[in-house]
Number of protein chains: 2
Amino acid sequence: MAREPNEDTDAFITEVCWHYFVNEMTQAEIARMLDVTRLRINQAIQRAKVEGLVKIQIESPFLPRIDLQESLKEALGIERAVVCPVNPDGYDYHRPVGAALAAFITERLSVSPWRSFGVSWGLTLDSAIRKLPRGSFPDLEVISILGGTAQGSSFNSFGIASGFAGVLGAHYSVLTAPIYLSEGIDRDLFLSQYALKEHFEKFEKLDAVLLTCSNVSQKSFLVEHGLPKEITPEGLVEAGAIGDVLGHFLDKDGNSVSVDVDQRTIGMPLEQVFAVPEKIMAAAGAHKVGIIKAACRKGLVDTLVTDDMTGRLLLEQAESDIAFID
Amino acid sequence: MAREPNEDTDAFITEVCWHYFVNEMTQAEIARMLDVTRLRINQAIQRAKVEGLVKIQIESPFLPRIDLQESLKEALGIERAVVCPVNPDGYDYHRPVGAALAAFITERLSVSPWRSFGVSWGLTLDSAIRKLPRGSFPDLEVISILGGTAQGSSFNSFGIASGFAGVLGAHYSVLTAPIYLSEGIDRDLFLSQYALKEHFEKFEKLDAVLLTCSNVSQKSFLVEHGLPKEITPEGLVEAGAIGDVLGHFLDKDGNSVSVDVDQRTIGMPLEQVFAVPEKIMAAAGAHKVGIIKAACRKGLVDTLVTDDMTGRLLLEQAESDIAFID
DNA sequence: TAGGTTAACTTACATATGTATTTTGATTTT
DNA sequence: AAAATCAAAATACATATGTAAGTTAACCTA
């Protein structure tokens, strides 16, 4: 081995970003001034963007799509829809929907003082954390409401709950458990552990939940990596499943297709979700149209945060409730 | 006359910015998608930046300059110094110092709940408003502490106080009076007007003030456009003035050089400023070094927000208290 | 309807940005 | 000490951005 990679410090990146975004200097100018190569300036700015060190806020970001939002409220029977514009080519919905969710949360928190809210996990929530402006809510607690997988911090509730709490200056409480119990372990016995019991009691007093969902296909991280091997996507589809919410697989009417799976799921039960005052679902993508509609129909959603493409699909195929396997 | 200029709507600009900053599309892509020319996209983005519709926040913006901040605290005998990096060429301190002030205010508001704070006026405060992220502080009141001039909204307390209140979601109270009384009008009689009396009483309970300052030269808006014609810059310099704070001209020790001028100034008296718990001065530029030091020496400043260039000058010329006329 | 006026479009181009490739040189290994 | 290794610098270049022309066409006026 030779030299160590030159890890740029936070202070360096901060200074570069200040010159670039506030003083509006060019990258070349900054490089000359700080006596480094332009490449390092360029990379510093890119890293700052990715890691959320610079946050770009747009005032009233969902002003434009009012028509679509109104139609969606009507069609899905929900209280509120937030629709953000998305790039139809190179379609990546995580970032824009995450940004819209972040803006929505900021707005809600400034108006109604949540004491606690629940979070599941997934890339959309991960993206929301990066876009959320730093705040100070010392009386707020972020509660993870779903067990995690072994892989990557976006896919377990620890990374998400602690991430939200970090930027919001709040406390957090995580669910240190897998999303699905291994076969043979008794659910009630498992949940009777002191730490878990205390955590589950917090579900009863949540002011809001941030929900996500997915369909039954390779596009679903849960289906691809999170299911115990005894549970197969084919079996779930046969049973009528079109997607999942909080690890529970639902049919097109939002009813669970497998008591067996439900019994093994470590997380907030759907019955309890109904009782939460604000049920916010962030979800987008053509493959999620079916499960989004099912969740809305069942009453699991007050506010839907999505993009215009998905919004339009939700309206168009008002009658197609097909499970997508692609 | 021919066609009307096509004033882009807020919704249009918002959508363009969303595509550009969140979805990271190129301006050409956005133009193609929305079927307008690239020029209009380009202009929309520029307008959004200037008008503060997009706000770029940098996490912990004054992390880098800790050494300089510590030295300044020591040298000036103040509680806190906030130093932001600045572009030495094409030197414009209003924007970066305004941005730093905005970040500082955001931070302070999230920690200590001010009930009210006072504002003077000037380009630096105007710039701070543009950089300040929208907030909701319904119990906060922004109080203008200085009369205004007839010209431009940045130079009267109405634009500044209402601007701060607007972005912070706060109330405001303005001082509807000129900065200097005309000769012959009795100050006490003038201030006894009901509306003014009520306003002046609020000065006693301020949690913080945002102060600015300037020197005695053409660079000072106050000197160039705000002085009654009986008061000349030459006369003020002869009397020992090196600059002004809240319309009061001070010598190098921070003492007023003209009881006459003070008698005509409509604004918060300096004696009252001393009593405010947080005295924040935002000021930068080589020409302000003298007056900044004088104000600090006199005890008018707890927190100084400035840039690295001015910071370094403040340290270097620890002994030069010259009034700059250039 | 002809002519003047001007916003918006078109074109052009200089500069800035993002990225890939090659070169350099410090450090470690043999 | 020579060779190997690899991060950082240098170089090169395709694309994006900002701005300044000239051109077109909508609209008003007379």
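Residue numbering restarts at 1 for every chain, and letters A, B, ... go by the order of the sequence lines. Just so it is clear, the structure is predicted and the values come from calculations on it, not from any experiment.
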| task | May I ask you to decide if the ring planes of A/Tyr93 and A/His287 are parallel, tilted or perpendicular, using 30° and 60° as cut-offs? | result |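 Answer is tilted, since the angle falls between 30° and 60°.
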| query | When you check the gap from the basic side-chain N to the acidic O, do A/Glu24 and B/Lys49 get nearer than 4.0 Å? | reply |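 Judged by the 4.0 Å cut-off on N to carboxylate O distance, A/Glu24 and B/Lys49 do not form a salt bridge.
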| said: According to salt bridge (Lys or Arg N to Asp or Glu O under 4.0 Å), who are the partners of A/Glu74, at least two apart in sequence or on a separate chain? | reply: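 Counting only residues at least two positions away or on another chain, A/Glu74 forms no salt bridge (Lys or Arg N to Asp or Glu O under 4.0 Å).
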| query | How would nucleotides 10-22 of chain C be written as a contact map, 5' to 3', with B for base contact, S for sugar-phosphate-only contact and - for no contact, using protein heavy atoms under 4.0 Å? | reply | S-B---SBBB---
| Aromatic B/Phe104 / basic B/Arg80 pairing, under 6.0 angstrom, 45° off normal |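 Because its charged atom misses either the 6.0 Å distance or the 45° angle limit, B/Arg80 does not stack over B/Phe104.
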| message | Could you tell me how far apart B/Phe12 (CZ) and C/dA8 (P) are, to the nearest whole angstrom? | response |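 About 12 Å, once rounded to whole Å.
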| task | Take A/Glu29 and A/Arg32 through the test salt bridge (Lys or Arg N to Asp or Glu O under 4.0 Å) and record every step on the way to the result. | result | CA-CA 5 Å; A/Glu29 280 180 306; A/Arg32 213 174 309 129; 5.5 Å; no
